Chemist: 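Take this structure first; my questions come after.
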Amino acid sequence: KSNFEHPSWNALPMIMTDWITARIACNHSDEIAGGAMVSYKDANDFSAGHDWAFAKPLPVVGSHDANVRIKTSAFSGEDDTGRELHIDGNLVKFFQGHNLFGSHDIVGLVSAFMDHLCSIPQLGLCPTDLQRQSWRNGNFLLGRVDVTNMYQLRSLNDVLSWLATAEHTTTMNHRGRGQLTKGSTLYYGKHSRRWSLKFYAKGQELTAKGHQLALTLPNRDRLIEYAQPALRCELTLRSMQLKQTELQLAANWPRTAEGISQILQHYMKGLNMSDVRTLPAEALDSLPSGCRLAYQTWIEGHDLKTMLAHRTFYRYRRQLLEHGVDIATVQPRENANVVKLYRVLEAVPMAIPDWARGTPLYFDPTANKRTA
């Protein structure tokens, strides 16, 4: 199976916008920063001046110690006009204390966060009515957006086994094979300046240092149980890609889950998966002898890309793709713990649990606006 064309993958999952970086117009008299980094020309003589300096962001603490970093993006020191705030963080986690599920509404989340900042007197924010309306209309620039969803497998072990299998049996258009890091996070384009896609076990992440749920979080055990069978998919769009796809302006983002789901699906469809292990005899007989030999070598678990000349590899790959075999992947050795990719294709998209709706565990910017 390939390209995530299975109906279960294309069903509407729980779409959430996770990490957001943005620049927001908001007047304020004093520069907002959490300190500064300075490189002096002479460590023994500060009067000699410095090579560079920049302001560090100020962490603003939200629900259950989750924080978002803010700082003044443009500051002239002369008047309040034209000031911008740079915000960087997980707004869903800021409001809920966790990011297992949450809102997909970028404009709503940012507007609610800005309203919260304006309620903190120490920050000295004094936005105009026009600036407030600008937030709510989505007239601000985005530097990074993470879009996520989750799929439910049978258990955490199934998730981990699928990740181990997918490392060898999947390729991403323009990204190649995935890179499995830290044992359980599968990246495609990890260091790309434009976009990257990753899969990981959400249940396992909750036991990692810095990712544990706060002990004060209500229904904590229930949240952990909810996350155990979850395969998390996360798309990161960075500034260059946002600009190229005209999504740098927040107002251009869809306001519906269906619309944002289509953005995620656009990238996921570039993921090619191969579960084909054997070809019928008639298919083998139709292949050139060199291609048949390459196929047999691939079946044994060898990486043909490192063994064949560039043109030869891609010629054989093209011929075998017609039969559903992608030799750009590497076949894992037989292992009883391997979870076939088609099992995940039958996975159920996870939804926001009913027991969380209407509680502080799920922040809905639309409902918050109605009650404001």
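Here the structure is a predicted model, which is why all the values come from computation and not from measurement. Count residues from 1 along the sequence.
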Chemist: Let me check something: do Trp195 and Ile263 share a hydrophobic cluster, defined by ILVMFWY side-chain heavy atoms less than 4.5 Å apart, either directly or through other members?
Modeler: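 Yes, Trp195 and Ile263 fall within the same hydrophobic cluster.
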Chemist: Is Arg144 close to Arg238 at the side-chain level, that is, under 4.5 Å between some pair of heavy atoms?
Modeler: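 Of all side-chain heavy-atom pairs linking Arg144 with Arg238, at least one is under 4.5 Å.
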Chemist: Can you name the nearest heavy-atom pair linking Leu123 to Ile32, along with the distance?
Modeler: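 Heavy atoms only, the tightest pair is O-CD1, 3.8 Å.
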Chemist: Counting N and O atoms only, with roles assigned by atom type, does the side chain of Asn252 sit under 3.5 Å from a partner on the main chain of Glu246, one being a donor and the other an acceptor?
Modeler: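 Indeed, once roles are kept as given, a pair shorter than 3.5 Å links the two residues.
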Chemist: Of all the heavy-atom pairs spanning Val159 and Pro229, show the shortest one and how long it is.
Modeler: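 Here Val159 and Pro229 meet closest at CG2-O, 3.6 Å.
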Chemist: Ignoring hydrogens and geometry, is there a side-chain-to-backbone donor-acceptor pair from Ser261 to Ala257 under 3.5 Å?
Modeler: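 No; zero donor-acceptor contacts below 3.5 Å.
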Chemist: Does a side-chain heavy-atom distance below 4.5 Å link Cys118 with Pro127?
Modeler: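 Sidechains of Pro127 and Cys118: in contact.
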Chemist: I'd like to know if the side chain of Arg317 and the backbone of Ile327 have a donor-acceptor N/O pair within less than 3.5 Å.
Modeler: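 Side chain of Arg317 to backbone of Ile327: no pair is present.
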Chemist: Take Tyr226 and Met150, measure what side-chain contact (heavy atoms from CB on, under 4.5 Å) needs, and give me the verdict at the end.
Modeler: CA-CA 11 Å; Tyr226 169 86; Met150 294 201 299; 3.7 Å; yes
Chemist: Answer whether the closest heavy-atom distance between the side chains of Glu234 and Thr148 falls below 4.5 Å.
Modeler: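 A side-chain contact under 4.5 Å exists here.
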Chemist: Which heavy-atom pair separates Cys26 from Gln131 by the least distance, and what is that distance?
Modeler: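 Smallest heavy-atom distance, with atoms named: CA-OE1, 3.6 Å.
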Chemist: Counting only N and O atoms by type, is there a donor-acceptor contact under 3.5 Å from the side chain of Trp298 to the main-chain atoms of Ala328?
Modeler: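 Checked: no pair found.
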Chemist: What orientation do Tyr362 and Phe101 show, parallel under 30°, tilted 30 to 60°, or perpendicular over 60°?
Modeler: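 Tyr362 vs Phe101 ring planes: tilted.
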Chemist: Counting only heavy atoms from other residues, nucleotides and ligands, does the tally under 6.0 Å from CG of Asp65 exceed 12?
Modeler: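 12 or below, so no.
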Chemist: In the single-linkage hydrophobic clustering (I, L, V, M, F, W, Y; side-chain heavy atoms under 4.5 Å), do Val325 and Leu287 co-cluster?
Modeler: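 Linked within one cluster.
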Chemist: Atom CD1 in Ile106, atom CZ in Phe140: separation rounded to 0.5 Å?
Modeler: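 Nearest 0.5 Å value for the CD1-CZ distance: 7.5 Å.
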Chemist: Just so I know, are the side chains of Pro218 and His64 near enough to count as touching, which here means a heavy-atom distance under 4.5 Å?
Modeler: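 Yes. Closest side-chain heavy atoms under 4.5 Å.
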Chemist: Report yes or no: is the cationic atom of Arg232 (NZ for Lys, CZ for Arg) closer than 6.0 Å to the six-membered ring centre of Tyr200, at no more than 45° off its axis?
Modeler: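 That pair does not qualify as a cation-pi contact.
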Chemist: Is the side chain of Lys71 donor-acceptor paired with the backbone N or O of Ala55 at a distance under 3.5 Å, no angle test?
Modeler: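 Checking the backbone N and O of Ala55 against the side chain of Lys71, a donor-acceptor pair under 3.5 Å is found.
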Chemist: Within the structure provided, determine whether Leu231 and Leu163 are in side-chain contact (heavy-atom separation under 4.5 Å).
Modeler: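 When only atoms from C-beta onward are counted, Leu163 and Leu231 do touch, with a gap below 4.5 Å.
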Chemist: Do the side chains of Lys93 and Asp18 get close enough for a salt bridge, i.e. N-O under 4.0 angstrom?
Modeler: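 Result for this pair is no, no salt bridge flagged.
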Chemist: Distance-only, no hydrogens or angles: does the Gln228 side chain make a donor-acceptor pair with backbone N or O of Leu156 under 3.5 Å?
Modeler: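 Side chain of Gln228 to backbone of Leu156, a donor-acceptor pair under 3.5 Å: no, none is there.
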Chemist: How many angstroms lie between atom NE2 of His98 and atom CG of Leu213, to the nearest 0.5 angstrom?
Modeler: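 It comes to 8.0 Å.
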Chemist: Grouping I, L, V, M, F, W and Y whenever their side-chain heavy atoms are under 4.5 Å apart, do Ile224 and Leu217 come out in a common cluster?
Modeler: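 Yes; Leu217 is reachable from Ile224 via cluster members.
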Chemist: Which heavy atom in Gly102 sits nearest to a heavy atom in Val92, and how many Å separate them?
Modeler: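 Closest pair (atom of Gly102, atom of Val92, distance): CA-CG1, 4.0 Å.
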Chemist: Flag the pair Tyr316 / Leu304 as yes when at least one side-chain heavy-atom distance between them is below 4.5 Å, and no otherwise.
Modeler: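 Side-chain contact under 4.5 Å: no.
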Chemist: Please determine if Lys198 and Asp146 form a salt bridge, counting it only when a charged side-chain N lies under 4.0 Å from a carboxylate O.
Modeler: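 Not counted as a salt bridge, because no side-chain N and carboxylate O are separated by less than 4.0 Å.
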Chemist: Would you say the side-chain atoms of His104 pair up with the backbone N or O of Arg255, donor to acceptor, closer than 3.5 Å?
Modeler: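 Such a contact is found between His104 side chain and Arg255 backbone.
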Chemist: Strictly distance-based, threshold 3.5 Å: is any side-chain N or O of Ser196 a donor or acceptor partner for the main-chain N or O of Ser192?
Modeler: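 No, Ser196 side chain to Ser192 backbone: no donor-acceptor pair under 3.5 Å.
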Chemist: Do Asn137 side-chain atoms and Asn139 backbone N/O form a donor-acceptor pair below 3.5 Å?
Modeler: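 Checked: no pair found.
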Chemist: Between Leu100 and Leu223, what is the shortest heavy-atom contact and its length?
Modeler: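 Where Leu100 meets Leu223 most closely, the heavy atoms are CD1-O, 3.4 Å.
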Chemist: Go through the steps to decide whether Leu91 and Phe363 satisfy the test side-chain contact (heavy atoms from CB on, under 4.5 Å), and finish with yes or no.
Modeler: CA-CA 10 Å; Leu91 300 188; Phe363 178 78; over 6 Å; no
Chemist: Indicate if Leu249 and Leu109 have the same hydrophobic cluster label, given that clusters are the connected sets of ILVMFWY residues with side-chain heavy-atom separations under 4.5 angstrom.
Modeler: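 No: no chain of side-chain contacts under 4.5 Å links Leu249 to Leu109.
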Chemist: Salt bridge or not for Arg222 and Glu225, using N-O below 4.0 Å?
Modeler: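 No, this pair does not count.
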Chemist: Leu58 and Ile87: same hydrophobic cluster, using ILVMFWY side-chain contacts below 4.5 Å?
Modeler: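 Looking at the clustering, Ile87 is in the same group as Leu58.
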Chemist: Classify the side-chain pair Thr297/His302 by whether it contains a donor and acceptor separated by less than 3.5 Å.
Modeler: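 No - no donor-acceptor pair under 3.5 Å links their side chains.
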Chemist: Would you confirm whether Arg193, through its side chain, and Met240, through its main-chain N or O, come within 3.5 Å as a donor-acceptor pair?
Modeler: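 Such a contact is absent between Arg193 side chain and Met240 backbone.
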Chemist: For the pair Arg132 and Asp115, evaluate side-chain contact (heavy atoms from CB on, under 4.5 Å) and give the outcome as yes or no after the intermediate values.
Modeler: CA-CA 9 Å; Arg132 288 183 183 272; Asp115 288 341; 3.4 Å; yes
Chemist: Name the orientation class of the two ring planes belonging to His116 and Phe113 (parallel below 30°, tilted from 30 to 60°, perpendicular beyond 60°).
Modeler: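 Parallel: the ring planes of His116 and Phe113 meet at under 30°.
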Chemist: To the nearest 0.5 Å, what is the distance between CE (Met16) and CG (Asn149)?
Modeler: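 The distance works out to 9.5 Å.
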Chemist: Within this structure, what is the NZ-OG distance for the pair Lys202 and Ser184, rounded to the nearest 0.5 Å?
Modeler: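 One finds 12.0 Å between NZ of Lys202 and OG of Ser184.
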Chemist: Around atom NZ of Lys190, are there more than 12 heavy atoms from other residues, nucleotides or ligands closer than 6.0 Å?
Modeler: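 Count over threshold, so yes.
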Chemist: Please name all residues satisfying side chain to side chain contact (heavy atoms under 4.5 Å, CB included) with Asp88, sequence neighbours left out, ordered by chain then number.
Modeler: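 By the side chain to side chain contact (heavy atoms under 4.5 Å, CB included) rule, Asp88 matches Trp19, Thr21, Arg69, His86.
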Chemist: Return the CG to NE2 distance between Leu125 and His28, rounded to the nearest 0.5 Å.
Modeler: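 One gets 7.0 Å once the value is rounded to the nearest 0.5 Å.
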Chemist: Is the centre of the Phe199 ring less than 6.0 Å from the centre of the Trp162 ring?
Modeler: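 Ring-ring flag for Phe199/Trp162: true, centres closer than 6.0 Å.
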Chemist: With the side chain counted from C-beta on, respond yes when Leu117 and Ile70 share a heavy-atom pair under 4.5 Å apart, and no when they do not.
Modeler: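 Result yes, sub-4.5 Å side-chain heavy-atom pair found.
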Chemist: Check each of Leu197, Leu186, Val147 against Cys233 using the side chain to side chain contact (heavy atoms under 4.5 Å, CB included) test, and report the only one that passes.
Modeler: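 Single side chain to side chain contact (heavy atoms under 4.5 Å, CB included) partner of Cys233 among Leu197, Leu186, Val147: Leu197.
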Chemist: With rounding to the nearest 0.5 Å, note down the distance linking CD1 in Ile15 to CG in Asp105.
Modeler: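 One finds 13.5 Å between CD1 of Ile15 and CG of Asp105.
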Chemist: side-chain contact (heavy atoms from CB on, under 4.5 Å) between Leu142 and Leu237: does it pass, once the steps are laid out?
Modeler: CA-CA 10 Å; Leu142 299 165; Leu237 298 175; over 6 Å; no
Chemist: Might you point out which heavy atoms bring Ile20 and Thr17 nearest each other, and give the distance in Å?
Modeler: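 Result for this residue pair: CD1-OG1, 4.3 Å.
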